[in-house]
Amino acid sequence: MPNLKIFVDQSGLADVQPALAALLPDLRARLCEALGVGISASQVAVLPVLGMPDQPSINVELTLLSGPSRSREALVELAQEVQARMDAATGAHAAVRIATVDPSGYVACK
């Protein structure tokens, strides 16, 4: 697992969709590399949303299983890297949130 959801305000989706589509394969590969998981373990989605005008138009949420190599410091660095890649690709500032899940409480039926 990483489960990556990119929420984009629908009013600006058309402007950033081509850049996001081009970014997704490399972003997924980088996340899997950084987290030490195979591509088949990941899930990536871009979701249009109706957002408030006073919040970032792009919000990235990454959920992943906790583990010893996934320290707070490592996750902060990863969040900053994701944010920089998103900002560079779209020209818009992205908010990035990472949440970890206890492996004993995680169930996935694929």
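The first residue of the sequence shown is numbered 1, and numbering continues consecutively from there.
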- Looking at Ala74 and Ser69, what are the two nearest heavy atoms and their distance? CB-O, 3.9 Å
- Full working for side-chain contact (heavy atoms from CB on, under 4.5 Å) between Ile6 and Met86: CA-CA 10 Å; Ile6 303 169; Met86 294 294 297; 3.8 Å; yes
- Please report the closest heavy-atom contact between Asp87 and Ala92, naming both atoms and the distance. OD1-O, 3.1 Å
- Task: Consider only side-chain heavy atoms of I, L, V, M, F, W and Y, link residues closer than 4.5 Å, and tell whether Leu35 and Ile98 are in one cluster.
- Result: yes
- Are Val8 and Val49 close enough that some pair of their side-chain heavy atoms sits under 4.5 Å apart? no
- Task: Mind listing the closest non-hydrogen atom pair of Pro48 and Leu13 along with its distance?
- Result: CB-CD2, 3.8 Å
- Starting from the C-alpha separation in whole Å, work towards a yes-or-no answer on side-chain contact (heavy atoms from CB on, under 4.5 Å) for Ile58 and His93. CA-CA 7 Å; Ile58 300 174; His93 178 67; over 6 Å; no
- Task: Show your working on side-chain contact (heavy atoms from CB on, under 4.5 Å) between Val101 and Thr63 and close with a plain yes or no.
- Result: CA-CA 7 Å; Val101 176; Thr63 306; 3.4 Å; yes
- Message: Rounded at 0.5 Å granularity, tell me how far CZ in Arg28 sits from CG in Asp26.
- Response: 10.0 Å
- Message: For Ile39 versus Cys32, what's the shortest heavy-atom pair and its separation?
- Response: CA-SG, 3.9 Å
- Message: Are Leu65 and Leu31 linked, directly or through intermediate hydrophobic residues, by side-chain heavy-atom contacts shorter than 4.5 Å (ILVMFWY only)?
- Response: no
- With a 4.5 Å limit on heavy-atom distance, are the side chains of Leu64 and Asn3 in contact? no
- Does a side-chain heavy-atom distance below 4.5 Å link Leu50 with Gln10? yes
- List the atom of Lys110, the atom of Ser40, and the distance in Å for their closest heavy-atom pair. NZ-O, 3.4 Å
- Item | Heavy-atom donor-acceptor pair, Gln83 side chain to Ala94 backbone, under 3.5 Å | yes
- Which atom names give the shortest non-hydrogen contact between Ser11 and Asp9, and what distance separates them? OG-OD1, 2.6 Å
- Task: Report whether Val44 and Phe7 are members of the same hydrophobic cluster (ILVMFWY, side-chain heavy atoms less than 4.5 Å apart, transitive linking).
- Result: no
- Query: Is the shortest heavy-atom distance from the side chain of Leu27 to the side chain of Leu4 under 4.5 Å?
  - Reply: yes
- Can you tell me how far the CE atom of Met1 sits from the CG atom of Leu62, to the nearest 0.5 Å? 8.0 Å
- Task: List the steps and the verdict of side-chain contact (heavy atoms from CB on, under 4.5 Å) for Lys5 and Leu47.
- Result: CA-CA 7 Å; Lys5 294 179 184 151; Leu47 305 157; 4.3 Å; yes
